[in-house]
Protein chains: 4
Amino acid sequence: MAPRMVDKEARRREILAAAVRVFARKGYAEARIEDVAAEAGLAKGTIYLSFPGREALLAGVFEEYAARSAAVLDALGEGPALTRLERLVRGTVETLAGHRDHAIVMLRLWATAPPLDMAAVYGRHREVIADLLRQAAAEGALRPGVGERHATLVVGLIEGCLLQWLADPAVDLAGLADDIVALGVEGVRA
Amino acid sequence: MAPRMVDKEARRREILAAAVRVFARKGYAEARIEDVAAEAGLAKGTIYLSFPGREALLAGVFEEYAARSAAVLDALGEGPALTRLERLVRGTVETLAGHRDHAIVMLRLWATAPPLDMAAVYGRHREVIADLLRQAAAEGALRPGVGERHATLVVGLIEGCLLQWLADPAVDLAGLADDIVALGVEGVRA
Amino acid sequence: MAPRMVDKEARRREILAAAVRVFARKGYAEARIEDVAAEAGLAKGTIYLSFPGREALLAGVFEEYAARSAAVLDALGEGPALTRLERLVRGTVETLAGHRDHAIVMLRLWATAPPLDMAAVYGRHREVIADLLRQAAAEGALRPGVGERHATLVVGLIEGCLLQWLADPAVDLAGLADDIVALGVEGVRA
Amino acid sequence: MAPRMVDKEARRREILAAAVRVFARKGYAEARIEDVAAEAGLAKGTIYLSFPGREALLAGVFEEYAARSAAVLDALGEGPALTRLERLVRGTVETLAGHRDHAIVMLRLWATAPPLDMAAVYGRHREVIADLLRQAAAEGALRPGVGERHATLVVGLIEGCLLQWLADPAVDLAGLADDIVALGVEGVRA
DNA sequence: GATGAATGAGAATTCATTCAT
DNA sequence: TATGAATGAATTCTCATTCAT
């Protein structure tokens with residue numbers, strides 16, 4: 001409530017944004033606190049007023065990603081299960097496509113920092129999708145033979161295309177959303 | 001103090017194997033030369049008899065992976081294009097599934113070490129698959145509307161499932177091969 | 001823990017002075033960065049704030065010497081050539097005698113570090129002296145038979161006496177100035 | 001007396017010769033045992049059969065130099081003192097000029113290795129020369145006003161010219177012998 | 001004796017973190 | 001609050017020395 005609070009929070013976000021840019025550029029392992037400070041236009045020591053240490057920057061970045069990721073799952077709205085699944089796919093792809101730096105950082109963190117529990121993140125995604133598939137089955141919208149195992153494929157399609165796009169910006173991730181939906185969602189419709 | 005003069009090449013492989021295990025455990029960034037030496041049952045300095053420096057361990061691991069990867073593409077044999085595509089998918093998945101540590105390391109390197117040109121690796125995979133898809137189309141084996149763009153989805157399916165398996169060993173990658181083939185190969189048959 | 005922000009340039013000079021003392025004591029080859037830091041009353045890492053690396057300490061020491069050396073040649077003033085030659089001899093000896101540590105370091109660097117072009121340093125001295133000898137000859141102040149080759153002997157006298165003084169402080173270098181002048185300058189007067 | 005003895009001694013000399021070449025090239029500080037071994041056409045470990053360690057190579061080189069140096073002082077023959085002094089000067093210069101590598105190494109060792117007592121070496125030279133000067137005075141061959149202090153100048157002339165020749169091979173050391181004698185010996189004749 | 005693989009102490013350098021100003 | 005000089009633990013790499021073959 002004190003204006004300080006606002007300042008503090010804004011400062012935190014500025015630093016986190018700078019950290020994402022630096023991490024995307026050099027990876028966490030190569031990113032020096034000083035690099036982040038410079039990117040944020042601050043002095044080294046000032047970072048420590050907002051974060052207890054270098055690792056806290058990681059945690060901060062992860063939290064932002066998790067929040068964004070959860071927001072997609074929370075905004076599927078109403079309608080037939082497969083429609084919501086389509087929204088999930090498109091929403092996820094759009095969110096990722098709109099924050100390439102962040103996506104790169106997450107991949108790097110994923111691959112680098114064991115403490116980040118990506119198994120849980122993917123597991124949560126699979127669960128939500130499996131749930132939608134169960135509902136779709138109940139709605140009779142699912143082709144026979146397609147079950148919850150399909151959730152892994154849908155997550156895989158999204159993440160695998162993301163991977164290729166991260167490795168090679170020439171890959172058109174946004175454009176792939178249609179293909180992913182066609183194969184992964186429409187392809188299993190009864 | 002242990003002048004056990006092992007074959008130079010065998011020694012290299014031993015060290016590389018130790019490096020893969022250590023990298024898989026802690027990531028390249030956290031892996032100390034001393035860790036690799038200890039894992040290999042050698043002294044620090046001994047590593048330098050086989051490798052000029054820390055980064056050379058990376059290069060060595062990458063070479064092994066690239067060789068294994070290329071071997072799959074070179075062993076598709078004869079037959080209808082979609083049959084060969086199926087072999088590619090199963091071969092890739094099996095190869096990855098058989099070397100989890102190695103796969104983890106490759107992902108970490110991918111995400112961490114800019115010099116590794118994963119864009120080229122994925123690009124090569126997509127090209128081979130696109131070629132098979134073109135042949136399948138020529139053979140009239142492909143459903144209308146499916147084209148070379150599908151190559152990205154197939155690569156994505158494989159890599160995306162790999163990703164989930166790496167994050168969570170409970171995911172049954174080998175078992176997913178059937179699903180991937182069903183969706184990505186059989187699913188596009190005319 | 002000691003953010004005493006000294007003037008950057010002053011700090012550089014302090015470190016350089018410490019380096020000269022340490023180098024004189026143990027030689028560059030044996031001097032550890034940590035030794036220099038300790039001598040300067042600083043922590044190891046602090047040295048790196050003023051110098052990019054160990055070798056830069058060498059370069060710094062050499063620069064100081066070169067500047068001092070050039071100053072003597074630039075301050076010969078006016079008067080007969082042999083008078084100026086005497087000033088050169090006395091000035092050089094005094095300068096060296098006043099900085100024994102520095103002289104030791106320079107000899108060590110000279111003998112140790114190939115990049116230091118002592119041939120050029122001696123060559124320059126010989127040239128200046130040869131020039132004075134030519135002028136002296138033109139002034140009719142030079143004994144017949146003495147020519148530019150005598151420059152090498154004068155430089156040799158100075159450096160050779162310096163050498164003995166460095167090896168054995170009991171040698172009275174300052175006192176030798178008179179002898180050097182008597183033999184090398186007055187000894188060739190017409 | 002056993003042939004072994006001969007072999008051992010020959011082997012020692014070969015290694016020492018190799019060491020001198022390597023030291024002259026890179027300086028003691030930069031010379032690796034392996035470099036010396038390679039120069040001698042031997043394996044690293046073989047050096048240790050003839051020398052207890054790296055420093056012993058230094059000592060060996062120094063001994064050779066000392067022996068050569070002493071030989072000159074011991075071969076002044078008979079005749080007037082100033083004639084013997086001239087022989088000393090020419091002998092020393094010739095000896096040095098004939099072993100440039102060795103001279104470079106000695107300078108480097110001198111400047112690098114505190115345990116080598118160069119003060120004693122120079123002191124011995126000065127003593128011998130001072131003795132000759134005393135005899136010359138007794139013979140009435142010395143100009144009034146020239147005394148034992150002149151010994152330092154003679155040593156200085158030799159060493160100072162040596163220094164310039166070592167720094168710059170274009171300096172003609174052998175040719176300088178005449179000049180040194182003219183100035184340092186003939187120049188003080190009564 | 002000769003070899004050279006193996007060892008590990010030691011040194012330069014980096015950078016997260018602290019804290020006087 | 002913001003700063004950045006100072007610190008020193010930690011890491012890579014070198015190389016003298018040892019010793020099994």
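In the text below, chain A, chain B and the rest are named by the order of the sequence lines, each starting its count at 1.
For the pair C/Ala56 and C/Pro52, the tightest heavy-atom approach, listed with the atom from each and the gap, is CB-CD, 3.6 Å.
Between C/Val22 and C/Tyr28, the closest side-chain pair of non-hydrogen atoms is not below 4.5 Å.
By the 30° and 60° cut-offs, the orientation of the rings of C/Tyr65 relative to C/His102 is tilted.
Checking the phosphate oxygens (OP1, OP2) of F/dA6, a side-chain nitrogen or oxygen of C/Arg11 falls inside 4.0 Å. Taking 4.0 angstrom as the limit, D/Arg32 places a side-chain polar atom (N or O) nearer than this to OP1 or OP2 of F/dA16.
In this structure, C/Glu14 atom CD and F/dA5 atom P are separated by 15 Å, rounded to whole Å. Between the C1' atom of F/dT18 and the CZ atom of D/Arg54 lies a distance of 17 Å, rounded to the nearest Å. Put simply, CD on A/Glu30 is 12 Å from P on F/dT12, counting in whole angstrom units. If you measure from atom NZ of A/Lys26 to atom P of E/dT14, you get 13 Å, rounded to the nearest angstrom. Nucleotide E/dA16 holds its P atom 9 Å from the CD atom of A/Glu34, rounded to whole Å. Whole-Å rounding puts the C/Leu57 CG to E/dA11 P distance at 16 Å.
Looking at C/Arg100, its side chain does come within 3.5 Å of a backbone N or O of C/Leu166 through a donor-acceptor pair.
Rounding to the nearest 0.5 angstrom, the gap separating the CG atom in D/Leu163 from the OH atom in C/Tyr122 is 3.5 Å. Note that CZ of C/Phe23 is 12.0 Å distant from CG of C/Asp101, once rounded to the nearest 0.5 Å.
Within residues 35-53 of chain D, the residues that place at least one heavy atom under 4.0 Å from DNA chain F are, in residue-number order, D/Lys44, D/Tyr48, D/Gly53.
Residue pairs meeting the side chain to side chain donor-acceptor pair (under 3.5 Å) criterion with at least one partner in residues 38-51 of chain C, sequence neighbours excluded, are C/Arg21-C/Glu39, C/Arg25-C/Glu39.
Residue contacts for B/Ala31: at a heavy-atom cut-off of 4.0 Å it reaches the sugar-phosphate backbone alone, with no base atom in range.
Ion pairing between a basic and an acidic side chain is recognised when a charged N comes within 4.0 Å of a carboxylate O; D/Arg68 and D/Glu64 show no such pairing.
Looking at the side chain of C/Ile33, the nearest of the listed nucleotides F/dT17, E/dT13, E/dA16 is E/dT13.
If you run side-chain contact (heavy atoms from CB on, under 4.5 Å) between A/Arg11 and each of A/Leu42, A/Leu16, A/Leu49, only A/Leu42 comes through.
Counting only Watson-Crick and G-U wobble pairs whose two distances sit under 3.5 Å, DNA chain E takes part in these stems of three or more pairs: E:2-21 with F:2-21.
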